[in-house]
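Below you'll find the structure, written out as structure tokens, and then a few comments.
Keep in mind the model is a prediction, meaning the values are calculated, not measured. Index from 1, following the sequence.
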Amino acid sequence: MKKRILLISHNFYPEPTGIGKYNGDMIHWLVKHGYDCTVVTTYPYYPYWKVQEPYKNRWYKKEVKIDAGSNAKLTIYRCPSYVPADPTGKKRMIQDLSFWSSMFWVVQKLILFHKKYDYTITIAPPFHLGYLAWFYKKVRGGKLIYHIQDLQIEAAQELNILSNKKMFDILYAAEKRILKGSDVVSSISTGMIKRIEAKAGREVLFFPNWSETSLFFPIIDRSALKMKWGYKPTDLVCVYSGSIGEKQGLENIIYCAELLKDSSNIKFIICGIGPYRQKLEEIVAEKKLATVVFLPLQDKEVFNEFLNMADVHLVIQKGNAGDLVMPSKLTTILSVGGASVVTAMPGTSLYELVETHDVGFIVPPDDHKDLANVIKAISVKDISLQRENARNYALRFLNIDNVMSDLIANIDK
């Protein structure tokens, strides 16, 4: 008899990056392996902060698909929600509440009129969706899996997105009830797991993000790719690809490029979309930096080539981000055998991964001078070992079949 899984999350396929991408990969893997899955989500908006065509954020929409191989069913309920064009901390709270309100009616319908689900999975952020999953479990039973991609409350506090102490006390207390009421709590890095275990007083399962290692793989002839993208084979191409928000500290790439502007063969690409992109473009224009260009998000059909074209991948975040997040972009970089320059503090999961497995180079966060020095050194250095190590790490630890099989084995206990 097929097992049934319910996923409750803000983000889902066809969002190309972040939580939506991983949720889509996970559910499609489960359907392919014979699980009937239902997803309660909203319309695809991330990382554009605008609902994408052909969807319209007006009312509820139901989609049903049958997998030809497994004959398992995927049902998607898309619920309307407020999507802020300028996602400040307060506006994102309003968005979270609007989605919670709209999806409550769908969850209630599933409780009253649908067959019971064996597993209910909810993804944080936003953390409070766990209450909808907890409500379902209390009424209908089944196991509740609460998976944490970002430490949302800590991030809001430590990055000064919100500053009301009483509000944080309420949020932490609410989150703790969800953590205590879940059958399985999981997260994506050892550093995040330690922080969650400390506040929850319980064991947390390691459930890392993965990479599609068969779709993202090394291409040997980087020179041909560079020329295809308009660069010289002798250029050192440094790429940041991902969401463009304030929490990454991406202005340090521009300050770094300014220090290296006399090294005309060192080029920088900032690829992606987000609320902070316009500000970065203004800084580049003000400084008249010809070595920095901006590109839109690349389609999946060319993304493997685009990542392979880069000599160096930039994984940039602010120092106070610490173990609040693990950059999801890193998994695909590792899969293509990309060498990275990462900003990370000693003791964080990101630092330990790069140092232990020698897949890149580490610089202190918020230090554009050190970033420039490392990139300058790489321009005359052989980094083929780091590229080889990156691909080997991806094959060993980030293959989706291995990661998902481990998850199923753990939640079935």
Intermediate values then yes/no, side-chain contact (heavy atoms from CB on, under 4.5 Å), Val39 and Tyr13: CA-CA 10 Å; Val39 179; Tyr13 174 88; over 6 Å; no
Expected output: side-chain Asp86 to main-chain Pro275 donor-acceptor under 3.5 Å: no
Residue pair Lys3, Tyr119: steps toward the side-chain contact (heavy atoms from CB on, under 4.5 Å) verdict: CA-CA 8 Å; Lys3 289 190 175 180; Tyr119 304 108; 3.4 Å; yes
Any donor-acceptor pair under 3.5 Å from Arg78 side chain to Tyr43 backbone: no
Residue pair Thr348 / Ala344: nearest heavy atoms and the distance that separates them: OG1-CB, 3.9 Å
Where at least one partner belongs to residues 395-407, residue pairs that pass salt bridge (Lys or Arg N to Asp or Glu O under 4.0 Å), sequence neighbours excluded: none
Close side-chain approach of Met26 and Leu7, heavy atoms under 4.5 Å: yes
Between OG on residue Ser328 and CG on residue Asn209, distance to nearest 0.5 Å: 6.0 Å
Sequence-distant partners of Trp105, ring-ring contact (aromatic ring centres under 6.0 Å, His included), two or more places apart: none
Close side-chain approach of Leu280 to Ile244, heavy-atom, < 4.5 Å: yes
Exam field: side chain Asp36 to backbone Lys73, donor-acceptor pair closer than 3.5 Å: yes
Sequence neighbours excluded - salt bridge (Lys or Arg N to Asp or Glu O under 4.0 Å) pairs with any residue from residues 208-231: Lys21-Glu212, Glu212-Lys300, Lys226-Asp311, Lys228-Glu305
ring-ring contact (aromatic ring centres under 6.0 Å, His included) against Phe99, all qualifying residues, sequence neighbours excluded: His10
Partner residues of Pro80 under the side chain to side chain contact (heavy atoms under 4.5 Å, CB included) criterion, sequence neighbours left out: Asn57, Tyr60, Ser102
Thr38 side chain to Leu6 backbone, donor-acceptor under 3.5 Å: no
Any donor-acceptor pair under 3.5 Å from Gln52 side chain to Lys50 backbone: yes
Point-to-point distance, once rounded to the nearest 0.5 Å, from CD of Gln386 to CG of Asp358: 4.5 Å
Counterpart residues, ring-ring contact (aromatic ring centres under 6.0 Å, His included), relative to Tyr45 (two or more places apart): Trp49
For the student: nearest non-hydrogen atoms of Gly242 and Lys329, plus distance: CA-CE, 4.1 Å
Partner residues of Lys194 under the side chain to side chain contact (heavy atoms under 4.5 Å, CB included) criterion, sequence neighbours left out: none
Any residue meeting side chain to side chain contact (heavy atoms under 4.5 Å, CB included) with Ala390, in chain and number order, not counting sequence neighbours: Leu334, Val359
Check against side-chain contact (heavy atoms from CB on, under 4.5 Å), Ile266 and Cys238: CA-CA 7 Å; Ile266 300 179; Cys238 307; 4.2 Å; yes
Chi angles and distances behind the side-chain contact (heavy atoms from CB on, under 4.5 Å) call for Ile188, Tyr22: CA-CA 12 Å; Ile188 61 175; Tyr22 287 107; over 6 Å; no
Rounded distance (nearest 0.5 Å) linking atom CG of Leu74 with atom CG of Leu30: 10.0 Å
Please tabulate, for the side chains in residues 126-135, all donor-acceptor contacts under 3.5 angstrom to protein atoms that are two or more places apart in sequence or on a different chain.
{"from": "His128", "atom 1": "NE2", "to": "Asp96", "atom 2": "O", "distance (Å)": "3.2"}
{"from": "Tyr131", "atom 1": "OH", "to": "Ala174", "atom 2": "O", "distance (Å)": "2.9"}
{"from": "Tyr131", "atom 1": "OH", "to": "Arg177", "atom 2": "NE", "distance (Å)": "3.0"}

Cation over ring face, Arg277 and Phe294, 6.0 Å, 45°: no
Note, Met192 side chain near Val204 side chain (heavy atom, < 4.5 Å): no
Other residues, nucleotides, ligands: >12 heavy atoms within 6.0 Å of Leu112 CG: yes
Spacing of Cys37 atom SG and Lys65 atom NZ [to the nearest 0.5 Å]: 12.5 Å
Nearest heavy-atom neighbours spanning Asp118 and Lys2: OD2-O, 4.4 Å
All side chain to side chain contact (heavy atoms under 4.5 Å, CB included) counterparts of Phe206, not counting sequence neighbours: Ile193, Pro208
Ser335 (side chain) donor-acceptor with Ser211 (main chain) under 3.5 angstrom: no
Candidate list Arg202, Lys137, Lys143, test salt bridge (Lys or Arg N to Asp or Glu O under 4.0 Å), partner Asp183, passing option: Lys137
Residue from Asn308, Val336, Thr331 passing side-chain contact (heavy atoms from CB on, under 4.5 Å) with Phe216: Val336
Considering all heavy atoms, the nearest Met103-Ser9 contact: CE-N, 4.5 Å
Phe306: ring-ring contact (aromatic ring centres under 6.0 Å, His included) partners, not counting sequence neighbours: Trp229
Separation of Lys199 NZ from Leu179 CG (nearest 0.5 Å): 6.0 Å
Side chains of Ile123 and Asn11 in contact at under 4.5 Å (non-hydrogen atoms): no
Spacing of Ser340 atom OG and Leu350 atom CG [to the nearest 0.5 Å]: 9.0 Å
Stepwise side-chain hydrogen bond (donor to acceptor under 3.5 Å, both in side chains) check, Ser243 with Tyr46: CA-CA 9 Å; Ser243 179; Tyr46 186 84; 3.1 Å; yes
Closest non-hydrogen atom pair between Cys79 and Val106, with its separation: SG-CG2, 3.7 Å
Flag side-chain contact, heavy atom, 4.5 Å: Val341 against Leu371: yes
Side-chain heavy atoms of Leu205 within contact of Leu407, under 4.5 Å: yes
Side-chain donor or acceptor of Ser70 paired with backbone N/O of Val31 under 3.5 Å: yes
Stepwise side-chain hydrogen bond (donor to acceptor under 3.5 Å, both in side chains) test for Glu15 and Asn23: CA-CA 9 Å; Glu15 291 182 346; Asn23 281 345; over 6 Å; no
4.5 Å side-chain heavy-atom contact, Thr213 and Arg391: yes
Contacts of Gln298 that satisfy side chain to side chain donor-acceptor pair (under 3.5 Å) - sequence neighbours left out: none
Close aromatic pair by centroid cut-off 6.0 Å: Trp29 and Tyr35: no
Nearest atoms (heavy-atom pairs only) where Tyr136 meets Lys115: OH-O, 4.0 Å
